[in-house]
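For this chain, numbers begin at 1 and follow the sequence in order.
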Amino acid sequence: MIWSLFATSPDWSSGLDLGLNGLPYTLPVHPNLVHFTIGLFSIALIFDVIATSHGLLRPIYDGLKINPDRSAYYDLGWWNLLAAALITFVTVAFGFFEMLLAEPPAGAVSPWGLPALETMYLHGVGGVFSLFMIVLLTVWRGLERYRWRSRQRAQVSLRYVAVSLLVLGFISIQAEMGAQLGGTFGLHNTAALHISEQQSVAELQTLTIPARTVGQAISTPTTNYPLPRWEIQGDRLYYGVAEVLTLPANADRAALLTQLNERNWSADDFAIAGNQLLLGDRPLPLAASSYHLYRLQAALLSLR
């Protein structure tokens, strides 16, 4: 019965309508591509380890009366690694696209004690790092295969194998975080989300969601995302990652930050009254100039 949730087809009239899982297609693509990345990379490493351990495995081969071709294992390791590097570009691309459409639930915590938003951010950054490392290992492996060790029996070095094992361990952590996003937090997995809320099968069968498009999902942030904070680095004021203005030397920076971060202000809360720059009904420790007022208002309007 729960399968009917996944069998529901989104409205393709515009090609951008979001379906039951919050995507313009029925099931998320990123988790499926991840299995290609992990599988191909793991198989490549296994074949390289077998080939590198050829001498140690010789007694087993002799006992089984087989004589495997060592170079064939290296060939399998190389081509599987190359395939893993290529597919991972697509894996990461779909991951970021689906992350843009995700609505991480507020209040939920993973088994590792991390909220949904932090888990999603760490998973995204880790995905880019994994792509970088797989591509780096592919270049390294190619140089060993075709140049540095092309005339040696051992086509890969022990150093390469050791680094690959470390990368595989990191990818395994990434995979667990991705599983938490889909299973624990129900991102693009409506069935898991509502089952975790202990809804009955009858309730799941009558489940409906508001109509949304990709454009709406990207342009309208979910309310569960934290708003940017005002920060000061050196003599510059930032709102989130956007630089707003350079502060005068005599500005009371601690008082300014306290007032700016006191609550979620709107651009209309900033004003000029005489020779004072106001936030609400209180003066800010900043020069009362139209430039400062404009920059403060523009920061709120552009990032909220």
Side-chain angles (χ1 to χ4, degrees), residues 21 23 25-57 68-102 110 112 119-183 187-189:
N21 285 320
L23 295 167
Y25 32 83
T26 305
L27 295 175
V29 174
H30 172 74
N32 294 290
L33 292 178
V34 162
H35 288 84
F36 282 99
T37 293
I38 297 174
L40 290 168
F41 184 78
S42 301
I43 291 171
L45 182 56
I46 289 171
F47 281 130
D48 279 342
V49 169
I50 292 174
T52 304
S53 308
H54 189 78
L56 296 175
L57 297 175
D69 185 355
R70 187 180 192 182
S71 63
Y73 285 124
Y74 281 129
D75 290 343
L76 289 167
W78 163 245
W79 292 112
N80 275 280
L81 179 63
L82 185 61
L86 294 175
I87 196 65
T88 303
F89 280 99
V90 186
T91 301
V92 172
F94 268 100
F96 272 92
F97 173 68
E98 293 175 357
M99 188 172 73
L100 285 173
L101 303 179
S110 75
W112 292 357
T119 301
M120 187 175 74
Y121 282 165
L122 289 172
H123 186 64
V125 173
V128 175
F129 179 75
S130 298
L131 171 62
F132 172 77
M133 290 305 301
I134 290 174
V135 171
L136 182 64
L137 286 171
T138 304
V139 174
W140 184 358
R141 178 73 167 77
L143 289 172
E144 288 196 335
R145 175 181 173 87
Y146 293 109
R147 297 195 62 178
W148 299 339
R149 306 172 72 92
S150 59
R151 297 184 180 181
Q152 298 182 33
R153 290 185 177 181
Q155 195 180 100
V156 300
S157 62
L158 292 177
R159 183 179 301 174
Y160 166 84
V161 172
V163 174
S164 296
L165 287 170
L166 290 175
V167 172
L168 182 60
F170 179 80
I171 292 175
S172 299
I173 296 174
Q174 275 290 103
E176 172 59 25
M177 295 180 74
Q180 291 172 4
L181 288 173
L187 264 63
H188 301 311
N189 189 353

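- Residue-environment remark: CG (Leu158) stays at or below the threshold of 12 foreign heavy atoms within 6.0 Å.
- When all heavy atoms of Thr119 and Met177 are compared, the pair lying nearest together is O-CE, 3.6 Å.
- In terms of heavy-atom proximity, Ala175 sits nearest to Ile38 at CB-CD1, 3.8 Å.
- Between Arg145 and Asp75 the shortest side-chain heavy-atom distance falls below 4.5 Å.
- Annotation for Ala44 and Asn80: closest pair CB-CB, 3.8 Å, computed over non-hydrogen atoms.
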*Verify side-chain contact (heavy atoms from CB on, under 4.5 Å) between Trp78 and Tyr146, making sure each step is shown before the conclusion.*
CA-CA 11 Å; Trp78 163 245; Tyr146 293 109; 3.4 Å; yes
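- Between Glu98 and Pro31, the shortest heavy-atom contact is OE1-CD, 4.0 Å.
- Atom CD1 of Ile173 sits about 11.5 Å away from atom CG of Leu122, to the nearest 0.5 Å.
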*Show your reasoning for whether side-chain contact (heavy atoms from CB on, under 4.5 Å) applies to Tyr160 and Thr52.*
CA-CA 11 Å; Tyr160 166 84; Thr52 304; over 6 Å; no
_Worked check of side-chain contact (heavy atoms from CB on, under 4.5 Å) between Tyr73 and Ser53_ = CA-CA 11 Å; Tyr73 285 124; Ser53 308; over 6 Å; no
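- Counted within 6.0 Å of CZ on Phe132, heavy atoms from surrounding residues, nucleotides or ligands total 12 or fewer; the atom is thus considered open.
- The shortest distance between side-chain heavy atoms of Phe41 and Val167 falls below 4.5 Å.
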*Could you walk me through whether Phe94 and Asn32 pass side-chain contact (heavy atoms from CB on, under 4.5 Å), step by step?*
CA-CA 10 Å; Phe94 268 100; Asn32 294 290; over 6 Å; no
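- Residues Asp48 and Leu81 are not in side-chain contact: their nearest non-hydrogen atoms beyond the backbone lie 4.5 Å or more apart.
- For Gln174 (side chain) and His123 (main-chain N/O), a donor-acceptor pair under 3.5 Å exists by modelled atom type.
- More than 12 heavy-atom neighbours from other residues, nucleotides or ligands sit within 6.0 angstrom of CH2 on Trp112.
- At least one side-chain heavy atom of Ile43 sits under 4.5 Å from a side-chain heavy atom of Phe47.
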